[in-house]
J.: 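Below is a structure I'd like to ask you about.
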Amino acid sequence: MSNAVKLLIAAACICLPAGTMAQERKPIYTYLGPVASVGANYIRYTDWFGLFTDTKKISGYHVTGGVSLWVISQWLIGDFSIQYIYNQNERQLHHMYFTMAARIGIRMKHVGAFAPGVGLYFDTPPSNRKYRGGAGLRAPIGFLFDTTPDSKLFVEGSVMYGSYGMGEKSTKLSFGGSFGMIFKVGRI
């Protein structure tokens, strides 16, 4: 982990609790609902090919579907999703896919909120292919639209960069968009 990332995490750990103590307590709500996404993959696959190590550049797409859980306070938003992903690169790959992010919610009057953030993604290894899974950083930029008092529509774009679970030091860069509808299920 680079020093800049460590510095950002340390600043967030110090500043976020201090900011929440300074404000009066507002309710924190949890939302749950379906999510779907589509995107493009760009993979640098490094492995032994014959007698030598070589790098192949592979591109393809992915499609996901699953469930997303959001925790929304006045200005701080957290989200977690469990999805099933279908990758079509040089070969098909199906597996579970998890995302999580911490976001800052910037209210847009009575329309909704602009929600940029930073987070992580995790690919689990499937049972049917030789793929070790992967993980990396995720930078989502989303919009939450207030549809009813108890539901929200979200649309987001994200960039992900991390490890690719095949070969030696293989990496994956993904761009994509997600959308979903979340419904209020509780209050903290």
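Everything quoted here is computed from the prediction, not taken from an experiment.
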J.: Using the salt bridge (charged side-chain N to carboxylate O under 4.0 Å, His left out) rule, collect all pairs that involve residues 174-188, keeping only residues at least two apart or in two chains.
T.: Asp150-Lys184
J.: Do the non-hydrogen side-chain atoms of Leu93 and Ile85 ever get within less than 4.5 Å of each other?
T.: no
J.: Do Val67 and Val185 share a hydrophobic cluster, counting only Ile, Leu, Val, Met, Phe, Trp and Tyr and linking them when any side-chain heavy atoms are less than 4.5 Å apart?
T.: yes
J.: Any side-chain heavy-atom pair from Met160 and Leu137 closer than 4.5 angstrom?
T.: no
J.: Return all side-chain donor-acceptor pairs below 3.5 angstrom for residues 119-126, not counting sequence neighbours, or 'none' if the list is empty.
T.:
unit_1, atom_1, unit_2, atom_2, d
Tyr121, OH, Gly162, N, 3.4
Asp123, OD2, Tyr131, OH, 3.2
Asp123, OD2, Lys172, NZ, 3.1
Thr124, OG1, Met96, N, 3.3
Thr124, OG1, Met96, O, 3.2

J.: Taking the six-membered ring for Trp, is the centroid-to-centroid distance between Trp70 and Phe80 below 6.0 Å?
T.: no
J.: Which heavy atom in Met181 sits nearest to a heavy atom in Phe154, and how many Å separate them?
T.: N-CE2, 4.2 Å
J.: Filter on salt bridge (charged side-chain N to carboxylate O under 4.0 Å, His left out), then keep only pairs touching residues 66-75, sequence neighbours left out; what's left?
T.: none
J.: Mind checking whether Phe145 and Lys152 have side chains closer than 4.5 Å, heavy atoms only?
T.: no
J.: Clusters formed by hydrophobic residues whose side-chain heavy atoms approach within less than 4.5 Å: which one holds Ile188, and what are its other members?
T.: Ile28, Val71
J.: Taking ring pair (Phe, Tyr, Trp, His ring centres under 6.0 Å) as the definition, give me every residue that meets it alongside Tyr61, ordered by chain and number, with sequence neighbours left out.
T.: none
J.: Within a radius of less than 6.0 Å around OH of Tyr161, do more than 12 heavy atoms belonging to other residues, nucleotides or ligands occur?
T.: no
J.: Report the distance from atom CD1 of Ile77 to atom CG of Leu144, rounding to the nearest 0.5 Å.
T.: 5.0 Å
J.: From Tyr45 OH over to Thr171 OG1, what is the distance, rounded to the nearest 0.5 angstrom?
T.: 13.0 Å
J.: Indicate the atoms forming the closest heavy-atom contact of Gln83 with Ser81, along with that distance.
T.: NE2-OG, 2.9 Å
J.: Would you mind listing every ring pair (Phe, Tyr, Trp, His ring centres under 6.0 Å) that reaches into residues 169-188, with sequence neighbours excluded?
T.: none
J.: Would you list the atom pairs, donor with acceptor, under 3.5 Å between side chains in residues 32-44 and any protein atom, with sequence neighbours excluded?
T.:
unit_1, atom_1, unit_2, atom_2, d
Ser37, OG, Thr64, OG1, 2.3
Asn41, OD1, His62, ND1, 2.9
Asn41, OD1, Ser174, OG, 2.9
Asn41, ND2, Asn87, OD1, 3.0
Asn41, ND2, Asn89, OD1, 3.4

J.: Which donor-acceptor pairs under 3.5 Å do the side chains of residues 100-113 make with protein atoms, sequence neighbours left out?
T.:
unit_1, atom_1, unit_2, atom_2, d
Arg103, NE, Asp79, OD1, 2.6
Arg103, NH1, Ala115, O, 3.1
Arg103, NH1, Glu156, OE1, 3.2
Arg103, NH2, Asp79, OD1, 3.1
Arg103, NH2, Glu156, OE1, 2.4
Arg107, NH2, Asp146, OD2, 2.9

J.: For Ser163, check side chain to side chain contact (heavy atoms under 4.5 Å, CB included) against everything at least two apart and list the hits.
T.: none
J.: Is there a donor-acceptor contact under 3.5 Å linking the side chains of Trp75 and Ser73?
T.: no
J.: Using 30° and 60° as the class limits, which term best fits the ring planes of Tyr29 and Tyr31: parallel, tilted or perpendicular?
T.: perpendicular
